[in-house]
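We're numbering straight along the sequence, starting at 1.
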Amino acid sequence: MRALSVLLFSAAALAQGVPEIAIPAGVPLRVALEHRVRIKHAGDPVAGRLVEPVYVYDREALPAGSLVEGHIAEIGGVPFARRLAALLNGNFTPPREVRAQFDALVLNGSRIPLRTALTRGAAHTARVAQPGKKRLPRVLPIPAAILAFKEPGKWSRLKSRLIEMLPYHRQAWQAGTLFNAALEQPVTLPAAAPQTFPEAAPGEVRARLLATLSSATALRGAPVEAVVTKPVFSADHKLLIPEGSRLEGEVVKAQKARFFHRGGKLLFVFREVKLPLGVQRIRGDLEGVEADFDAHLALDAEGATHVASPKTRFIFPAIATAAAGLSFHQDYNSQGIPDRDSGGRAESGAVGLGLIGTLVAQLGPRGVASGIAIAGAGFSIYTALIARGPNVVLPANTLLQIGLGARGEAYSSQPVK
């Protein structure tokens, strides 16, 4: 029905001598910021570029690199639990809930109005592929897009962490922050001059999830739906799968996060694709997924998504345990008087309650500093080694790379008329 509407609209526009194309509501625009944006006031402008082209049925409607303008739409507060945790760690400026909205598209010198849903930004987005598989391609050779899908290096992560540790610091969206902004209203654009045929590996299709999937709530056999975002053509440029086609499948395995830091696991496959000519049975396996870098998602050879626990999670418990042990050590000066050991007290307080713990440990008796260090070490060991691991969460509009056909078999389809 959607494909028929698009074709009828395009035919009507051509009959009037105005070649146009309509992007329907619900299609997400993947926008990466070009420059750092400080979070100060609602209404402050933001600007970014599309990191991927937008397709409608069988052709490109918006090229990658198109300029998109918007504003900071909403600056929310901080939940009490998060604010308390931040204060205990000496952070007096915890991050607020901030959302952006995009309202204009600059194309060929023309400013085209649009309206997107409010959306949060992801600072670091990585594209994860199966072992031995190539990653989803980076399609836009501009700095913002490269930053948006580049795993942050050690220096970048260290710099971000150091800034977050400061008692007072300004909140900002860094260059490359990615927004998945869904259109709330259709957008009519001039049709691209020549039709282009996007390159794609045989038997692969790009799609986006229609609803959020979580290993914490998904049940085996639950339906999974996705929409094709990029048309698939044969080698002789015959349309096989148009953009907007619906992929339908089911959850094969869903495992909740468990204690001892064992993360969740999620496996789903697609069973059929709905084409304009009818429904075709397929075997669609997940071969790539886009995720927040901090989610630490990974794919195994079977196509199951799981959380790969970073080895760095053992560092802080080790430091906290060492600090707790050293807090009992007492030095004496040459006159036999106990040394105050301000540095040791600071370390003991910091591992337990951050800046607040450092101050309390300096002002109170030595036993207080040891108690704070022991509590901090215990909490760190529990959260890093004993508590439940994180669940796999794939939000709506998550970008997927699907391999069609049974593993090792090529996908074949009749061309769409």
Side-chain angles (χ1 to χ4, degrees), residues 25-49 51 68-104 113-125 144 147-148 152 156-157 159-185 208-214 216-217 290-296 353-356 383 390-399:
V27 173
L29 304 181
R30 311 178 66 77
V31 182
L33 297 184
E34 286 191 289
H35 307 288
R36 182 177 182 271
V37 176
R38 289 172 57 180
I39 308 300
K40 297 176 65 177
H41 309 289
D44 287 350
V46 297
R49 293 188 181 271
V51 297
V68 185
E69 298 176 344
H71 63 279
I72 298 174
E74 183 179 272
I75 301 178
V78 182
F80 175 77
R82 189 194 303 170
R83 183 179 292 277
L84 178 61
L87 289 175
L88 291 176
N89 283 281
N91 182 2
F92 298 102
T93 51
R96 293 172 289 177
E97 295 288 341
V98 185
R99 301 186 183 188
Q101 187 175 47
F102 296 94
D103 42 38
L114 54 85
R115 182 180 179 85
T116 68
L118 303 186
T119 176
R120 299 185 182 91
H124 300 295
T125 305
L147 286 170
S156 176
R157 295 199 301 271
K159 182 180 178 181
S160 299
R161 294 294 183 266
L162 290 176
I163 292 176
E164 292 172 0
M165 290 172 62
L166 295 175
Y168 291 96
H169 56 272
R170 295 186 181 276
Q171 187 174 349
W173 285 324
Q174 302 301 323
T177 298
L178 179 69
F179 295 87
N180 219 8
L183 291 173
E184 290 189 333
Q185 300 173 351
R208 59 181 175 88
L209 279 176
L210 284 181
T212 299
L213 279 178
S214 172
T217 56
E290 177 189 285
D292 193 309
F293 179 83
D294 292 332
H296 301 290
L353 294 175
L355 180 62
I356 302 297
T383 55
N391 279 292
V392 174
V393 179
L394 301 179
N397 291 324
T398 294
L399 186 65

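- Here the closest heavy-atom approach between residue G26 and residue A182 is recorded as O-CB, 4.0 Å.
- For E69, the side chain to side chain donor-acceptor pair (under 3.5 Å) criterion is met by R111, not counting sequence neighbours.
- Taking NE2 from H41 and CD1 from I75, the interatomic distance works out to 8.0 Å, rounded to the nearest 0.5 Å.
- Without hydrogens or angle criteria, E74 side chain to L118 main chain gives no donor-acceptor distance under 3.5 Å.
- Of all heavy-atom pairs between A32 and G176, the closest is CB-O, 4.2 Å.
- At least one side-chain heavy atom of F179 sits under 4.5 Å from a side-chain heavy atom of L33.
- Each of E290, R208, R30 was checked for a side-chain hydrogen bond (donor to acceptor under 3.5 Å, both in side chains) with N397, and the lone residue meeting it is R208.
- Rounding to the nearest 0.5 angstrom, the gap separating the CG atom in L29 from the CG atom in L114 is 6.5 Å.
- Partners of A216 by side-chain contact (heavy atoms from CB on, under 4.5 Å), not counting sequence neighbours, listed by chain and number: S214, N391.
- Rounding to the nearest 0.5 Å gives a distance of 11.5 Å between CZ of R170 and CD1 of I39.
- Of all heavy-atom pairs between D44 and K40, the closest is OD2-CB, 3.7 Å.
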Stepwise, does the side chain to side chain contact (heavy atoms under 4.5 Å, CB included) test hold for I72 with V98?
CA-CA 7 Å; I72 298 174; V98 185; 3.9 Å; yes
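- With sequence neighbours excluded, the residues forming a side-chain contact (heavy atoms from CB on, under 4.5 Å) with H71 are A73, Q101, D103, listed by chain and number.
- Considering every non-hydrogen atom in both P28 and N180, the closest pair reads CB-OD1, 3.7 Å.
- Smallest separation of non-hydrogen atoms from Q171 and P95: OE1-CA, 3.5 Å.
- Residues satisfying the side chain to side chain donor-acceptor pair (under 3.5 Å) criterion with R99, sequence neighbours excluded, are absent altogether.
- By the salt bridge (charged side-chain N to carboxylate O under 4.0 Å, His left out) test, R115 pairs with E184, sequence neighbours left out.
- For A181, the side-chain contact (heavy atoms from CB on, under 4.5 Å) criterion is met by F102, T116, T119, not counting sequence neighbours.
- Evaluation of the side-chain contact (heavy atoms from CB on, under 4.5 Å) rule for E97 yields R82, R120 as partners, not counting sequence neighbours.
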